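The next block holds one structure in the form of structure tokens; read it before the comments.
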Amino acid sequence: MNGAMWQGVLAALLITACVRPAEERATRDAAVGREEVGGVSVEVEGGLASVRALAPGGLELWGQAPVFSAKVTTAADAPSGLLLTVHNAMPDAELTATDDSGGGVPVEPFPSVRPTLKVWRVGVRPGSVARLTVSPPDWDADAPFRFAALADVQEALSRVGDVYARMSEDPSLRFIFFAGDLTERGQREELEEFQQRLEFGARIPLFATLGNHETFTQDARAYHQRVGRGSQHFVFHGVHFSLVDSGNGTVDPIVETQLDGWLDEARDAVHVVAMHVPPLDPVGVRGGGFASRNEAAGLVGKLARAGVDLTLYGHIHSYYSFSNAGIPAFISGGGGAIPERFDGVGRHYLAVEVSPREGVRDVGLVRVD
Amino acid sequence: MASALHLPGRWAVLAAVFALLVSARPARAQDLGSDSLSALDLLARGPELGASDVPGESRARKAAADITSRTLADPPVKPPERVSSDSSLPEPMAEVAVPPSRWSPAERPTFKPLPAVAAVVPGLVLHGLGPWLAGDAKTGRQLFALEGAGLGLIAVGGVPIVLTGASRRTIGPLYAVTLAGAGLFSISALSNLYAVMAPVVEPGVVPASLPPLELEMGYQYVHDPAFQYDHFVALGAVARVSAFRLEAAARMAPGEGNTRVRAGGAYRLMGAPEQTLGQGDGTSLDAELFALYHRFPTEGFTVGGGEAGLRGRYAMARLSPRLEGAFAEASLGMSFQGYSYPGPPSDDNLHEQLLFTFGYGVWLGRGGPLRGEAMIFYDHRKDDLAGGMRTLGGGVVGSVGLRGRVLLSNSWGIAAEAQAGGALVGRLSLLYALGGET
């Protein structure tokens with residue numbers, strides 16, 4: 001947050017009166033997971049995976065949710081068969097493939113040396129449409145589960161392996177729910193390093209929203225290409241998860257409209273919402289929250305009325321437990337970026353236990369150092 | 001939980017700003033030097049012993065003498081202009097006369113294009129460059145010193161913020177110091193421009209007096225993509241009683257129902273009261289106390305709270321005669337607010353906020369009924385209709401704006417404001433003054 005503050009001061013002088021700085025990112029979100037090359041097109045539902053590479057006969061995705069589906073359309077002259085590679089997948093993820101008539105499509109898994117990297121050969125035929133679903137077998141089970149909440153790695157990228165190692169000691173964690181600031185500058189090389197360290201160091205996948213630091217380089221274009229959407233929504237074990245792009249201390253109206261839909265969808269279910277910049281900084285003098293406190297109050301009020309069960313934030317490099325509009329709220333910016341001093345908390349993450357029937361059971365602070 | 005800043009931190013913030021404000025030097029125009037009057041002198045010249053009690057009489061006389069002494073070989077000092085041309089009228093009171101300029105017509109700076117250009121580039125970085133190139137090395141040095149002090153305060157406050165990771169335990173005072181530095185830096189930058197541009201026109205003067213009651217009604221436009229409102233009715237009132245100033249402002253969106261009311265008052269701790277403003281040079285220090293109520297029916301919440309702070313204004317002519325007609329202003333305070341939501345949501349947090357503004361302005365008018373001021377400003381608050389800027393750093397930075405308020409006659413005037421934060425705000429109002437005719 002500190003470096004961001006100074007850059008924000010400078011940037012403010014340059015982009016004064018830019019009332020919708022996140023609009024282009026929100027528009028760009030819609031293009032994530034869509035690609036067409038050489039007679040093969042792919043469309044990932046909800047943008048829950050980004051297309052790393054697409055070529056006749058090959059598709060490489062970066063997953064951004066425990067469960068996602070992609071529609072693959074092949075032209076009549078396209079080669080038969082597709083080698084599907086999915087990075088950042090659930091360790092026990094399986095692939096289900098059906099054709100446009102609902103019939104099964106042959107799938108052949110390949111062994112992988114890394115838990116979150118999955119490779120399958122899919123028997124798609126030329127001139128057909130196939131629906132591919134990547135999911136763990138228990139994805140819709142009505143059972144409690146645990147996940148980790150983390151944010152703000154930034155310049156501590158070279159040390160993030162410590163965090164993953166600590167997480168690996170807890171086999172019950174299913175995935176990492178990441179509230180932004182993966183990198184210091186949001187450059188492509190940094191994001192690639194982040195993903196490599198994740199793939200080699202973590203046992204579980206990481207599903208993220210972007211932070212303000214990702215916007216420092218070309219307004220997070222590299223993030224959209226390499227990672228995925230800034231705002232998205234998925235369901236796991238009946239629990240709804242929403243990741244919202246608040247990187248500029250605001251939620252763009254396009255994203256807010258999407259969020260309205262997700263809130264309606266999850267009105268009777270357990271719902272966890274994460275974003276990078278918290279709407280309201282619990283230390284008001286610091287003002288590390290939204291640019292407009294009125295917008296912040298309106299947003300948390302909306303979340304509360306929709307029955308959101310838990311809000312998770314980053315941006316502030318410490319640990320805070322508080323409430324906003326009555327919703328339990330946690331700031332966990334313990335990924336290693338310049339830490340807040342005198343708080344007695346170093347690098348850390350949250351271990352969250354949630355039940356689709358009971359809601360949030362427990363949120364525990366796990367220290368890494 | 002939301003009020004995590006400890007009390008010592010809050011007091012440190014207030015104490016630091018108070019010290020900055022009260023350490024201001026006395027006005028040069030009020031500096032009687034070796035001839036300064038003792039309490040006995042003042043008593044002997046008071047009405048009790050038969051002397052005049054015309055406010056500001058001795059000051060004006062002294063100032064004129066001072067100017068004469070600086071312009072021995074120059075033409076006689078231009079006498080104060082009278083509002084009335086009727087020479088049969090008795091000696092004018094200080095309130096209705098134009099205060100004497102610090103420059104005689106002969107030595108008044110003239111506009112020079114090169115310093116004006118240099119005051120922009122590279123003058124926006126080198127803040128004393130404009131007057132220095134215009135031949136006023138002393139003012140140049142003072143502005144360089146002011147710029148250096150601003151940068152120093154930014155470093156003194158900003159570096160620890162970075163090193164402490166914006167710690168909740170130290171952020172309050174450090175923020176105040178950093179923002180004070182940014183304020184000084186901005187003031188020196190604008191002074192640099194003003195010093196070389198001001199000779200284009202006669203500088204304005206401090207209004208001799210402001211009306212005891214002003215009413216305001218106008219229109220305000222707000223463009224904020226996060227809200228559905230756009231159009232507001234702007235209402236306001238200012239009452240001046242002795243050292244007190246009472247204020248109330250309301251903004252109401254007729255179609256949408258959004259209503260914001262801010263009311264409170266200020267007590268003048270230092271400087272001439274606004275009803276007799278001309279007795280001083282415009283330098284002042286006020287203690288302020290306000291309450292805020294803001295209702296958002298569409299978004300479904302209400303904000304309520306209170307705020308307290310200090311607001312100081314400094315006549316820039318004290319720094320240099322070249323800056324005559326300009327002033328710098330700063331304020332520091334804290335607000336405490338709570339949100340209430342209809343229905344199930346319940347929020348019992350008390351949200352605190354650091355209030356900080358700084359600005360640079362000019363007085364408008366040169367005596368008589370036309371009087372007012374215009375100011376460019378920065379406002380750190382995030383809870384008004386403009387909000388803070390939505391930047392790459394999140395929501396740390398506040399808003400900037402330009403506001404002006406001028407009485408065109410004894411009864412009527414206009415006020416206008418443009419502000420850019422997370423939202424764009426524009427306002428135009430009609431003023432009606434009761435009493436206080438000049």
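Residue numbering restarts at 1 for every chain, and letters A, B, ... go by the order of the sequence lines. Since the model is a prediction, treat every value here as computed from it, not as a measurement.
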Working to the nearest 0.5 angstrom, can you tell me the gap between [X] [atom1] and [Y] [atom2]?
{"X": "A/Arg293", "Y": "B/Gln353", "atom1": "CZ", "atom2": "CD", "answer": "4.0 Å"}
{"X": "A/Arg286", "Y": "B/Ile161", "atom1": "CZ", "atom2": "CD1", "answer": "10.5 Å"}
{"X": "A/Ser292", "Y": "B/Asp384", "atom1": "OG", "atom2": "CG", "answer": "8.5 Å"}
{"X": "B/Asp347", "Y": "A/Ser323", "atom1": "CG", "atom2": "OG", "answer": "5.5 Å"}
{"X": "A/Asp281", "Y": "B/His351", "atom1": "CG", "atom2": "NE2", "answer": "10.5 Å"}

Between A/Ala325, A/Gly247, A/Gly326, A/Ser246, which residue shows the highest count of heavy-atom pairs closer than 4.5 Å to chain B?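 Looking at each of A/Ala325, A/Gly247, A/Gly326, A/Ser246 in turn, A/Ala325 comes out on top.
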Choice from B/Ser399, B/Gly387, B/Ser346 maximising heavy atom contacts with chain A below 4.5 Å: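 Looking at each of B/Ser399, B/Gly387, B/Ser346 in turn, B/Ser346 comes out on top.
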Most chain A-contacting option - heavy-atom pairs closer than 4.5 Å, from B/Leu385, B/Asp224, B/Leu355, B/Asp383: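 Most heavy-atom pairs within the cutoff with chain A belong to B/Asp383.
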Do the non-hydrogen side-chain atoms of [X] and [Y] ever get within less than 4.5 Å of each other?
{"X": "B/Arg168", "Y": "A/Ser318", "result": "yes"}
{"X": "B/Thr391", "Y": "A/Pro21", "result": "no"}
{"X": "A/Asn294", "Y": "B/Phe301", "result": "yes"}
{"X": "A/Val285", "Y": "B/Met334", "result": "yes"}

Electrostatic pair B/Lys382-A/Glu295, nearest N-O below 4.0 angstrom: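 So B/Lys382 does not pair with A/Glu295 through a salt bridge.
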Atom group of B/Pro225 that falls short of 4.5 Å from chain A, counting heavy atoms: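 Both the backbone and the side chain of B/Pro225 come within 4.5 Å of chain A.
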Using non-hydrogen atoms only, which part of B/His294 is less than 4.5 Å away from chain A: side chain, backbone, both, or neither?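 Just the side chain, heavy atoms under 4.5 Å.
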Where do A/Gly301 and B/Tyr341 come nearest, in terms of heavy atoms and distance?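 Smallest interatomic distance, heavy atoms only, reads CA-CE2, 3.4 Å.
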Given heavy-atom pairs under 4.5 angstrom as the criterion, report whether the side chain, backbone, both or neither of [X] touches chain B.
{"X": "A/Phe290", "value": "backbone"}
{"X": "A/Leu280", "value": "side chain"}
{"X": "A/Asn324", "value": "backbone"}

Side chain [X], main chain [Y], donor-acceptor under 3.5 Å:
{"X": "B/Arg169", "Y": "A/Phe342", "answer": "yes"}
{"X": "B/Thr164", "Y": "A/Arg341", "answer": "no"}
{"X": "A/Asn212", "Y": "B/Leu392", "answer": "yes"}
{"X": "B/Arg390", "Y": "A/Val19", "answer": "yes"}

